[in-house]
Trainee: 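Mind looking over this structure? Questions follow.
Proteins get letters first, then strands, A, B, ... in listed order; numbering begins at 1 in each.
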2 protein chains.
Amino acid sequence: MSKTSQPKRKTERSLKHNHDACIQTALARAEVRCAQEGERFTGLRRQVLELVWSEHKPAKAYHLLKKLSDIRSGVAPTTVYRTLDFLQERGLVHKIESLNAYVGCSQPNAEHSGHFLICENCSEIREIENSKISAWLERAAQDEEFKIKTETVELLGLCIRCQPA
Amino acid sequence: MSKTSQPKRKTERSLKHNHDACIQTALARAEVRCAQEGERFTGLRRQVLELVWSEHKPAKAYHLLKKLSDIRSGVAPTTVYRTLDFLQERGLVHKIESLNAYVGCSQPNAEHSGHFLICENCSEIREIENSKISAWLERAAQDEEFKIKTETVELLGLCIRCQPA
DNA sequence: GTTAGAGTGATATATTATAACTAATAACGC
DNA sequence: GCGTTATTAGTTATAATATATCACTCTAAC
């Protein structure tokens, strides 16, 4: 248990920032992106993406499965994995390999592998857009004459709010 | 079955480089390291580490389980995972998150997270010792005031031998 | 309106990992 | 050596993650 008499976290709402808008933006971008590629952004795909975005935390496939079952019928693991695969291929979600979980991509316009900061305390996840990282990794790989295709960079630790003073 | 009349691959031996010696070195280092930490390097632990090292490819837990069953009795998933956990905690093996597999650590003396180049064609894996990478990642994380505890860096692509000319 | 292909549903199963409890073994103080 | 304790390993069961396959449905395009 944590300390009991902690002050009520008035930040809770602000931490959620403008989350509804944030989801809506993601959905709108996904729609555009699919249209651009001649892909159909179906109801199922929209629902899954919305569920992935519904928290700023990595979403597990079977958690999504449960949530999805609440809003439609005939949902099986296949349904979820297939849809996540679709979204991943279009750069709309990323899989966090070290957690077996999925997050919405915050820069779906750019072709990129995601790089992530993951708080081991609160699970909040942050995609870092730091083009230098890829450049550095490329250089390191070149030293070994290795040709990178996909980068998995997942940094586990403590976000600023979860660090002890 | 594979093709029957293929030419004998004379490279096979050289590709294996000095692999027996390589394994022996790893085992010897593990023994020293465990002794230093007051841990027991038991028969089971030795066997598992040896199996992990037996190929220069990531080893899957259930593959190790099967191999291990050939040389001792009473082997269950728990046996393997428990032993791999032990070896991981001592820095003797790394888990490759993007493959759910394990590799022997080539620098067990240094405290470090591994950084890997993984060939998607031949599965050969190479741990890159590039202290700059950690430094770079630290810097990127600091920009976000994030405190890294463990780094997962897995670069999937083509090794030099598997690149088209 | 037919049709080809994409999308989804349904069922089964494979793969990866952990929990919880028991038995065996080694280390330690005496 | 001898019993005590802690560590290691064995045993059984089950949870969590992921894929394969086939059938049915919908939709876009003609």
Trainee: A/Arg82 near the nucleic acid: base, sugar-phosphate alone, or nothing, with a heavy-atom cut-off under 4.0 Å?
Mentor: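 Result for A/Arg82 = base.
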Trainee: Can you see if the side chain of B/Thr42 gets near the phosphate of D/dA9 - specifically, an N or O under 4.0 Å from OP1 or OP2?
Mentor: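 Indeed, a polar side-chain atom of B/Thr42 lies that close.
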Trainee: Do A/Tyr62 and the base of D/dT17 stack face to face, with centres under 5.5 Å apart and an angle between planes under 30°?
Mentor: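 Given the distance and angle limits, yes, they stack.
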Trainee: Starting at the 5' end of DNA chain D and moving along, which residue's nearest nucleotide shows up first, A/Arg40 or B/Asn100?
Mentor: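 The residue closer to the strand's 5' end, by nearest nucleotide, is B/Asn100.
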Trainee: With a 4.0 Å limit, can you tell me whether B/Tyr81 has a side-chain N or O closer than that to the phosphate oxygens OP1/OP2 of C/dT18?
Mentor: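 For C/dT18, neither OP1 nor OP2 has a side-chain N or O of B/Tyr81 closer than 4.0 Å.
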Trainee: Using the closest heavy atom to pick a nucleotide of DNA chain D for each, name whichever of A/Lys95 or B/Gly43 lands nearer the 5' end.
Mentor: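 Looking at the nearest nucleotide for each, B/Gly43 comes out on the 5' side.
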Trainee: Might you confirm whether atom CZ of A/Arg46 has over 12 heavy atoms from other residues, nucleotides or ligands at distances under 6.0 Å?
Mentor: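 Yes, the 6.0 Å shell around CZ holds more than 12 heavy atoms from other groups.
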Trainee: So does B/Arg90 pair up with B/Glu37, basic N to acidic O under 4.0 Å?
Mentor: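 Here B/Arg90 pairs with B/Glu37 in a salt bridge, since their nearest N and O are under 4.0 Å apart.
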Trainee: Distance check: side-chain N/O of A/Lys66 vs OP1/OP2 of D/dA16, anything under 4.0 Å?
Mentor: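 No, no such contact exists.
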Trainee: Look at the side chain of A/Thr79 and decide which nucleotide, out of C/dT18, D/dG10, C/dG9, has an atom nearest to it.
Mentor: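 Selected nucleotide (nearest to the side chain): C/dG9.
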Trainee: When you check the phosphate oxygens OP1 and OP2 of C/dT8, does a side-chain N or O of A/Thr83 lie under 4.0 Å from one of them?
Mentor: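 Checking C/dT8 against A/Thr83, no side-chain N or O comes under 4.0 Å of OP1 or OP2.
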Trainee: So does B/Thr78 reach the base of C/dA19 with its side chain, donor to acceptor, closer than 3.5 Å?
Mentor: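 Side chain to base: pair found, below 3.5 Å.
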Trainee: Check whether any side-chain N or O of B/Lys60 sits under 4.0 Å from OP1 or OP2 of C/dT15, and answer yes or no.
Mentor: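 For B/Lys60, the contact criterion (side-chain N or O under 4.0 Å from OP1 or OP2 of C/dT15) is not met.
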Trainee: Test your reading of the model: is there a side-chain donor-acceptor pair from B/Arg45 to the backbone of B/Thr83, 3.5 Å cut-off?
Mentor: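 No.
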Trainee: Identify whether the distance between the nearest side-chain nitrogen and carboxylate oxygen of A/Glu39 and A/Arg33 falls below 4.0 Å.
Mentor: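 Between A/Arg33 and A/Glu39 there is no salt bridge, as every charged N stays at least 4.0 Å from the carboxylate O atoms.
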